[in-house]
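Encoded as structure tokens, the structure appears first; notes follow it.
Quantities reported herein were computed from a predicted structural model and do not represent experimental measurements.
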Amino acid sequence: MQLLIVMLPLYKAGNMMNAYEREVNTALTAWQKKRLRRPSLLNKLSKKLQTKINTWIPEKVHRAITATIKQMIRGVLFGAKYTTADTLVNAGLQEREEAVQKKIDWYRKTAAIEGGITGAGGILLGLADFPILISLKLKLLFDIAVLYGMDVHDYRERVYILHIFELAFSSDEHRKSIYLKMTDWEEKRKHLPPDMNEFDWRSFQQEYRDYIDLAKMAQLIPVIGAPVGVFVNYRLIKKLGTTAMNAYRMRLINFDGA
């Protein structure tokens, strides 16, 4: 298990890491250890309950939800690549991450405002938060990817974006399996299926839905819906941003774009 935790050589051969790079190296190592940590008892019990509840939902409902989320996310994935800024090249790690942090802060504030507005609007408007928030999350991931020097026009980069999304919003058990898929990505990406329809959309939607259900359900309650929407959306975007930063730091082991 220890072999899966990799130290990040954020410096060229023969050069020592600077203070910022040492700090990043330490943060990445701690983050990787958490990804490999065994699920807590509470997480296991919660996952069993959610799995049981899912068995009570008719199969046709599962298929309908999966198809809806699949089409929604595919639309964002293939649309965002045309509205994302050009890939950032010839920049150092600290410069890239300062730009990434600014981008995350902007999306956190935007998502918080959106959550407050939809949360104050009752059940119907509250339900509209779901697709809006997914769009904001995926667009943030595209923006982060290009700031780290990745080519989002490459279909395999969009698969990695989906894995980051899963890594941020899944149970501990599923999160560990996704993390292992993302290690040594430059080699694994060579063996991806050619069609994104082969992506496991069923697991994707169930994990995401189970992860945010309780928090987002409170957003539909009158009076408290607005503050809940602000708080939850702000926290979800913050978590996604942190996950994305560490996921791309991990890629820099074999990526010479900086």
Contacts of Q94 meeting side chain to side chain contact (heavy atoms under 4.5 Å, CB included) (sequence neighbours excluded), chain-then-number -> Y20, E98
Sorted by chain and residue number, the side chain to side chain contact (heavy atoms under 4.5 Å, CB included) partners of A244 (sequence neighbours excluded) come out as L141, I144, I164
Query - Min side-chain heavy-atom separation L162-R158 under 4.5 Å - result: no
For A112, the side chain to side chain contact (heavy atoms under 4.5 Å, CB included) test, sequence neighbours excluded, returns V230, Y234
Across all chains, not counting sequence neighbours, the side-chain hydrogen bond (donor to acceptor under 3.5 Å, both in side chains) partners of Y160 are none
Would you mind reporting whether M245 and E97 have side-chain heavy atoms less than 4.5 Å apart? yes
Exercise. Kindly indicate whether the side chain of I104, heavy atoms from C-beta on, has any atom under 4.5 Å from the side chain of Y107.
Key: no
NZ (K33) and CG (L28) are apart, to the nearest 0.5 Å, by 11.0 Å
Those residues at least two apart in sequence (or on a different chain) that pass side-chain hydrogen bond (donor to acceptor under 3.5 Å, both in side chains) with K181 are none
Across all chains, not counting sequence neighbours, the salt bridge (charged side-chain N to carboxylate O under 4.0 Å, His left out) partners of R108 are D105
query = Ignoring hydrogens and geometry, is there a side-chain-to-backbone donor-acceptor pair from S170 to L167 under 3.5 Å?
reply = no
Residues A168 and L240: closest non-hydrogen pair is CB-CD1, 3.8 Å
Can you check whether L147's main-chain N or O pairs, donor with acceptor, with R96's side chain at less than 3.5 Å?
yes
In terms of heavy-atom contacts, L136 and A111 come closest through CD1-CA, 3.9 Å
Whether T242 side chain and K239 backbone form a donor-acceptor pair below 3.5 Å = no
**Study point:** Exercise: do R22 and N25 side chains pair donor with acceptor under 3.5 Å
**Key:** no
Across all chains, not counting sequence neighbours, the ring-ring contact (aromatic ring centres under 6.0 Å, His included) partners of F165 are F169, F204, Y208
Those residues at least two apart in sequence (or on a different chain) that pass side-chain hydrogen bond (donor to acceptor under 3.5 Å, both in side chains) with D154 are R156, R189
Residue set satisfying side-chain hydrogen bond (donor to acceptor under 3.5 Å, both in side chains) with R235, at least two apart, ordered chain then number -> none
### Query
Under the side-chain contact (heavy atoms from CB on, under 4.5 Å) criterion, do Q32 and Y179 qualify, and how do the steps go?
CA-CA 9 Å; Q32 289 176 305; Y179 169 79; 3.3 Å; yes
N/O donor-acceptor pair under 3.5 Å between R251 side chain and A247 backbone: no
Separation between OG (S171) and CD (E166), nearest 0.5 Å, reads 10.5 Å
d(L140 CG, K103 NZ) to nearest 0.5 Å is 9.0 Å
Side chain proximity check, V146 to D151, heavy atoms < 4.5 angstrom
no
Nearest heavy-atom approach of E157 to V152 is CB-CA, 4.3 Å
Quiz item: Would one find more than 12 heavy atoms of other residues, nucleotides or ligands at under 6.0 Å from atom OH of Y155?
Solution: yes
(message) Under a 3.5 Å distance rule, please check whether K188 uses its side chain to pair with a backbone N or O of T183 as donor and acceptor.
(response) yes
Do W106 and Q101 have side chains that approach each other closer than 4.5 Å (heavy atoms only, starting at C-beta)?
no
Result for side chain to side chain contact (heavy atoms under 4.5 Å, CB included) between I178 and one of R175, K176, M182 points to M182
